[in-house]
Amino acid sequence: MTFTTDVSALKQQPEERLIQNAYRKLLRSIKSELDSEDRQHIRMAYELAVEAHKSQRRKSGEPYILHPIAVATICAEEIGLGPTAIVAALLHDVVEDTSIKLDEIKAQFGERIAKIVDGLTKLDSAYNAESPQAENFRKVLSTLVDDVRVVLIKMADRLHNMRTLGSMPRHKQLKIAAETSYIYAPLAHRLGLYNFKTEFLDLCMKITDPEAYHDIASKLQQTKRERNRYINEFIKPLEDRLSELGIPYKIFGRPKSIYSIFNKIKKKQVPFEEIYDLFAVRVILDVPLDKEKLYCWQAYSIVTDVHRPLPERLKDWITVPKSNGYESLHTTVIGPKGRYVEVQIRSARMDEIAERGFAAHWKYKGVNNQPDVYERWLDSVRETLDDPTSDAVEFLWDFKANSLFNEEVYVYTPKGELKILPKGATALDFAFSIHTDLGYHCRAIKVNNKLVPMGYTLQNGDQVSIETERNQKPSEEWLKWVVTGKAKGKIRSVMKEEMRRKGEIGKEALERKLKNLKVDFEESVELLVKHYAYPSHAELYFKIAEGKLDIPDIFKRFKAENGKLVEIQHEVAIKSTDDSKAADAAKPVRKKIDGKVRLTINGESAERFEYSLATCCNPVPGDDIFAYLTANAGLKIHRTTCPNATNLMANYGYRIMKADWKEAGTSEVSFTTTLLVVGIDDGPGIIQKITQEVSNNLGLNIRSMSIAGNEGYFEGKITLMVANTEQLNTVIRNLENLEQVSSVTRIDE
Ligand code: MN
């Protein structure tokens with residue numbers, strides 16, 4: 001019977017067409033000129049990838065090959081990369097996931113492409129193995145200094161994965177989102193890929209805080225028409241004047257990202273309706289290189305003639321570009337109806353660099369006589385990578401502080417040489433940035449000829465001179481006075497040597513104890529380091545030597561069994577929520593949970609685990625949550641929107657577990673939560689009205705309340721006990737309905 005074969009053939013056909021269409025779209029999106037060899041390579045890569053991935057599917061069920069094609073399309077269309085990167089993008093998962101070997105790729109496509117694919121494969125395997133993410137990033141960066149295209153393709157890969165994250169399990173979504181906002185977004189910023197950064201942060205927010213995301217998205221949609229009308233009104237008088245310049249130009253309004261609007265709402269504590277800078281106006285001038293500055297300033301003068309500027313809001317990144325190469329003139333003016341509007345003025349070349357960053361940078365290399373910002377940056381990345389003392393987590397932190405900084409400060413050496421440091425850098429950082437020895441032996445620092453403390457925060461235009469003394473050397477305290485990775489790394493390496501020396505005593509004591517128990521030393525130490533989550537063995541020995549970790553205490557938790565050290569299982573317990581700091585010293589206060597707080601961890605009942613609710617974000621049943629395995633206080637339950645969550649998930653993703661409330665509605669236990677109530681104070685009655693509503697009408701327990709007000713405005717903080725988010729939302733709604741109250745927000749304590 002041929003009937004069945006026909007059906008399956010029919011079924012396969014649309015998919016084949018889907019793949020071919022995706023490939024055609026890729027070819028159309030390539031902006032660079034292709035010779036016949038390029039064309040042939042792309043075709044070969046496509047065919048090889050189709051064949052290699054033919055039996056694989058993505059989580060969503062679609063054919064896997066659509067992913068590499070989409071990544072290649074992003075590389076071509078959104079970063080503007082050329083044929084080498086497109087071929088590598090098509091092949092980026094081939095070695096990792098299929099039986100194709102790197103040698104075959106080398107034979108078919110040459111050394112360069114094989115190297116890029118190899119870099120991408122290494123990144124992926126590091127990720128798949130349950131290795132800490134932080135270690136993974138170090139690998140990302142070592143490949144970055146080798147060939148930047150590896151990281152650009154990785155960015156495209158991440159972007160496509162983020163765009164299609166919907167079919168992943170929730171806890172994986174959270175982990176990937178955290179990693180993205182912790183490292184990929186700042187890296188995109190540093191590489192000048194602003195659109196990537198914006199989309200990354202929006203997509204992360206969509207995962208961690210879907211409610212707020214959709215709320216803003218729909219409000220933006222609703223107000224679109226009014227906004228466009230306003231933008232036209234703002235632009236109209238400018239167009240006439242700009243045309244008089246006699247050069248081609250574009251002027252348009254651009255909406256700001258949902259993430260940045262959300263941040264503004266949070267920071268200013270005002271509702272969406274009161275945020276006016278939901279967009280920026282951009283002027284792009286098509287002028288020759290040597291006329292760029294002249295025309296940009298002329299356009300600036302036109303804009304500020306028509307709309308009055310706020311003088312302190314002029315940002316000139318044309319004279320001195322940002323360290324990621326960004327050039328533009330920003331000003332904020334007062335538009336119709338007294339609303340503030342940000343205007344960005346730049347040339348077409350500057351715009352291309354602003355949109356495509358690093359990738360566009362090569363095209364204009366050497367123009368404008370600017371120092372090569374990326375070369376300088378790559379040097380600093382190499383320097384951070386070269387620091388052998390930092391462990392993975394420290395390294396990541398340093399890298400973020402040192403190389404991913406968004407803002408910078410400009411200072412001068414006594415000879416008048418310009419130095420750029422991250423904003424917030426100190427006088428001591430400056431010393432280390434000039435030379436390690438200058439840092440090590442720094443005795444005193446003068447800024448503008450006046451003596452300052454070593455931890456003095458540098459200001460733009462400072463002239464800094466360092467005095468040294470040969471006998472001077474860094475101490476632990478110095479770590480508080482620096483922020484840059486270079487300085488931290490150097491000081492830490494001195495401290496580590498010190499720690500290693502002191503730790504010898506601790507090591508000996510532990511060795512004796514383990515010998516008595518007749519268990520393997522190496523294996524046991526490994527277990528203990530992991531259990532207490534120390535970054536190194538040295539740290540464990542040091543903590544013991546310093547008496548911060550007590551040997552008898554260790555062996556209340558561990559015992560020897562069949563020549564091995566094993567952990568003693570503890571009873572099910574939940575810790576009271578306000579003693580997290582005491583965890584190290586005293587025994588945690590335990591309270592039987594009586595089956596009232598019901599949680600599941602990784603899908604199983606949480607009763608096997610010792611856990612407590614994090615006090616930084618006070619989760620309440622109904623909240624989106626995750627569990628984090630702490631060093632010695634069991635599992636901590638955090639909200640996914642917790643300010644600490646991103647850091648935890650990005651750095652310690654391997655310690656994150658999925659947590660869910662079992663039945664959100666039925667808990668008899670109460671949970672602490674804090675509300676910020678803002679409104680108009682029309683007399684002494686407000687406290688009474690709030691208490692009336694919360695205690696009498698809703699029957700809830702107020703733990704504490706503080707209200708401050710001036711000139712008819714009040715701000716109150718109320719901490720109360722609720723059973724779940726449903727109850728919490730009722731309180732918020734009812735309070736908002738009070739006449740004097742204008743807004744009620746849940747805040748993290
Ligand atoms: Mn991929």
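Hydrogens, waters and symmetry mates play no part in the numbers below; they use all other heavy atoms, side chains included. Just follow the structure's listing: the first ligand is 1, and inside any ligand the first atom is 1. Heads up: numbering here begins at 1 and tracks the sequence. Because the structure is predicted, anything quoted here is derived from the model rather than measured.
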Relative to the Mn ion (ligand 1), which of the N, O or S atoms in Asp93 is the closest? OD2
Decide yes or no for Tyr184 and Met155: does some side-chain heavy atom of the first lie under 4.5 Å from some side-chain heavy atom of the second? yes
Nearest 10° is fine: what angle sits at the Mn ion (ligand 1) between NE2 from His92 and NE2 from His67? 90°
Taking both backbone and side-chain atoms into account, decide whether His160 has an N/O/S atom under 2.8 Å from the Mn ion (ligand 1). no
Determine which of the N, O or S atoms in Asp157 is closest to the Mn ion (ligand 1) and give its atom name. OD1
Looking at Val150, Asp157, Leu91, which hits side-chain contact (heavy atoms from CB on, under 4.5 Å) with Leu120? Val150
Under the side-chain contact (heavy atoms from CB on, under 4.5 Å) test, residues paired with Asp623 that sit two or more places apart: Pro619, Val620, Ile625, Arg639, Trp661, Thr725, Arg746
With sequence neighbours left out, write down each residue that passes salt bridge (Lys or Arg N to Asp or Glu O under 4.0 Å) with Asp351, or none if nothing qualifies. Arg282, Arg346
